Protein chains: 2
Amino acid sequence: MAAKGGSQGKRPQRPAGSLPSMEETGSEPALSIERIVATAVELLDAEGVGGLKMRRLADRLGAGAMSLYWHVDNKEQVFDLALDSVLEYRGTPQSIEAEDWRGAIFHMLEDWRASMLRHPWSASLLPRRALGPNILGRLELLGRILSRAGVDEADLNGAIWSLWNYVMGATLTRANFDLSDEDMLAGQQRLAHLSAEYPTIERARLLLDNDWDGVFRKGLGFLLDGLVPSR
Amino acid sequence: MAAKGGSQGKRPQRPAGSLPSMEETGSEPALSIERIVATAVELLDAEGVGGLKMRRLADRLGAGAMSLYWHVDNKEQVFDLALDSVLEYRGTPQSIEAEDWRGAIFHMLEDWRASMLRHPWSASLLPRRALGPNILGRLELLGRILSRAGVDEADLNGAIWSLWNYVMGATLTRANFDLSDEDMLAGQQRLAHLSAEYPTIERARLLLDNDWDGVFRKGLGFLLDGLVPSR
DNA sequence: ACCTGAACACCGTTCAAGT
DNA sequence: ACCTGAACACCGTTCAAGT
């Protein structure tokens with residue numbers, strides 16, 4: 001489950017002739033993994049993880065119900081591909097990366113989180129999915145920057161995973177809690193009735209008062225303080 | 001989604017007469033939320049999230065296929081209840097808690113993580129589920145200890161959420177990657193072929209060489225260093 | 001090579017009916 | 001109050017067949 005094949009299909013690479021970006025010009029362009037993945041992302045954005053059904057995806061592509069199965073092994077693979085497609089990273093210029101490692105890490109990890117929050121379904125998907133090329137690319141970049149910043153070879157994996165854990169937790173929590181502000185409110189109101197049992201978090205209004213972005217940056221800073229020796 | 005009702009059912013509290021712990025004595029004891037939840041946890045442990053089907057759960061309870069729906073609204077509620085039931089915390093003695101706040105936090109959070117790893121399905125469930133009484137209890141305890149340790153009222157929520165994020169991310173990652181060592185191995189082997197593109201993480205053997213427990217404790221320590229003023 | 005509809009297996013949930 | 005089987009709606013996937 002952790003790191004399966006990336007984007008291999010049974011289908012050979014499509015010849016260079018076809019134009020992927022012709023819009024709905026009467027008849028749809030031919031099916032292709034690219035179109036399937038792009039449309040899957042649209043559908044997931046619009047309806048969430050539960051809204052992605054093979055039939056609806058095919059429908060939206062103007063294709064017959066079961067045509068997808070020629071391009072894709074199964075629904076799992078659609079998830080894998082959609083997830084990785086959303087995590088591309090344009091990267092920081094090498095120059096910045098070299099002189100301001102802290103800024104480079106913050107930039108990449110905040111962008112990671114932002115990318116996932118733009119597609120909230122991706123947060124719940126990522127921990128259970130294959131590591132596609134975009135994800136691996138980000139991990140590689142992270143390792144490189146940390147290494148240059150002075151993290152020992154022996155501590156590198158630990159540092160990478162610590163940051164991964166923090167980013168994943170923060171993003172997942174934020175994505176899910178954010179989906180339902182009313183629920184948070186309801187939860188806090190229920191808490192009020194139980195203030196005898198949960199006085200501290202009730203008084204702090206834990207479920208309401210949150211500067212998620214600020215909290216994220218602050219904790220990330222603390223982690224980096226510890227992980228990277230302050231030469 | 002964030003914080004729905006805890007354990008209210010349509011069913012009134014069962015009268016105090018019945019014994020919950022009589023084993024399979026020929027005929028099964030009557031259905032009850034307690035039995036349903038306990039059996040759901042068994043099933044989840046044995047077969048994972050995908051293995052919990054209402055029919056199979058009923059089967060295992062020796063009940064007719066659809067009897068569950070009298071005790072429970074729907075499958076979602078079974079998940080909510082199973083999750084919270086697994087997160088009970090016996091707690092630390094007040095004395096320890098007062099003098100060694102750091103130890104108390106480590107104890108509670110490591111226990112939290114361990115409880116979830118004992119039931120790996122719980123990790124993927126938690127971020128999307130209602131906050132049941134056991135979860136709220138742990139958050140309350142965490143808030144209380146942090147507060148006593150000197151965290152400002154204004155910083156309390158941020159501190160709690162930072163720790164929550166870290167624990168959730170670490171546990172989720174560990175639970176999922178751990179499920180499939182072979183996949184990790186396969187992933188690392190695939191990485192070897194791509195060492196041109198991912199030289200750093202390939203060399204570090206990121207996908208293989210991991211002291212998860214140690215990494216968890218270390219990162220947690222760094223976070224606490226930052227979050228709690230070192231008087 | 002690429003697409004298609006019919007058909008199968010499976011599953012959550014409702015409902016009318018039992019005791 | 002508590003349990004039940006039949007039935008419905010829905011969905012992933014296979015398959016034999018089309019072009």
Side-chain angles (χ1 to χ4, degrees), chain A residues 8-20 22 26-37 39-40 43-44 46-82 121 125 128-129, chain B residues 8-20 26-37 39-40 43-44 47-82 121 125 128-129:
Chain A
Q8 83 300 39
K10 352 179 194 195
R11 180 216 51 151
Q13 212 54 17
R14 209 168 18 122
S18 32
L19 311 177
M22 67 155 64
S27 70
E28 314 278 347
L31 281 183
S32 67
I33 298 223
E34 292 80 7
R35 278 191 71 224
I36 292 175
V37 172
T39 309
L43 228 178
L44 285 164
E47 319 249 11
V49 188
L52 180 60
K53 332 236 156 142
M54 295 304 268
R55 287 172 225 253
R56 272 176 55 186
L57 182 52
D59 233 50
R60 207 154 165 148
L61 284 158
M66 301 294 104
S67 315
L68 300 180
Y69 285 94
W70 196 85
H71 299 268
V72 161
D73 283 346
N74 47 36
K75 197 181 169 183
E76 296 289 292
Q77 204 186 97
V78 177
F79 278 133
D80 286 344
L81 295 172
W121 48 271
L125 248 43
R128 338 199 52 199
R129 295 279 142 201
Chain B
Q8 83 300 44
K10 350 179 199 197
R11 179 216 54 149
Q13 212 53 18
R14 208 165 24 116
S18 31
L19 312 176
S27 68
E28 314 279 346
L31 281 183
S32 67
I33 298 223
E34 293 80 7
R35 278 192 70 223
I36 293 176
V37 172
T39 309
L43 229 177
L44 285 163
E47 319 250 10
V49 189
L52 179 59
K53 331 237 157 140
M54 295 303 268
R55 288 173 224 253
R56 275 184 43 194
L57 182 51
D59 234 50
R60 207 151 163 152
L61 283 158
M66 301 294 104
S67 315
L68 300 181
Y69 285 94
W70 197 86
H71 299 267
V72 161
D73 283 346
N74 47 36
K75 197 180 169 181
E76 296 289 292
Q77 206 186 97
V78 177
F79 278 132
D80 286 344
L81 295 173
W121 48 272
L125 248 43
R128 338 200 53 201
R129 295 280 141 200

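Note that the structure is predicted; figures quoted are calculated from it, not measured. Labels below follow one simple rule: chain letters A, B, ... track the order of the sequence lines, proteins then strands, and each chain is numbered from 1.
The two residues B:Val78 and B:Ala40 come nearest to each other via the heavy atoms CG1-CB, 3.7 Å. The two atoms that bring B:Gly64 and B:Ala58 nearest to each other are O-CB, 3.5 Å, heavy atoms only. When every heavy atom of B:Phe79 is checked against every heavy atom of B:Leu44, the shortest pair comes out as CE2-CD2, 4.0 Å. The nearest pair of heavy atoms linking B:His71 to B:Leu31 is NE2-CB, 3.4 Å.
The backbone N or O of A:Arg35 lies less than 3.5 Å from a partner atom in the side chain of A:Thr39, making a donor-acceptor pair.
Residue A:Asp80 holds its CG atom at 10.5 Å from CG of A:Asp73, rounded to the nearest 0.5 Å. Note that CD1 of B:Ile36 is 14.5 Å distant from CZ of B:Arg60, once rounded to the nearest 0.5 Å.
Taken together, the paired segments of DNA chain D that extend over three or more consecutive Watson-Crick or G-U pairs, each closer than 3.5 Å at both contacts, are C:4-8 with D:12-16, C:12-16 with D:4-8.
A straight line from CD1 of B:Ile36 to P of D:dC2 spans 12 Å, rounded to a whole angstrom. Between B:Leu31 atom CG and D:dC2 atom P the separation is 10 Å, expressed in whole Å. Separating the CG atom of A:Asp59 from the P atom of C:dT4 is a distance of 11 Å, rounded to the nearest angstrom.
Checking the phosphate oxygens (OP1, OP2) of D:dA1, no side-chain nitrogen or oxygen of B:His71 falls inside 4.0 Å.
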Reading nucleotides 8-19 of chain C from 5' to 3' and marking B where a protein heavy atom lies under 4.0 Å of the base, S where only the sugar-phosphate is that close, and - otherwise, the string is ---BBBB-----
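Taking the side-chain hydrogen bond (donor to acceptor under 3.5 Å, both in side chains) definition, one finds that A:Arg56 meets it with A:Glu47, sequence neighbours left out.
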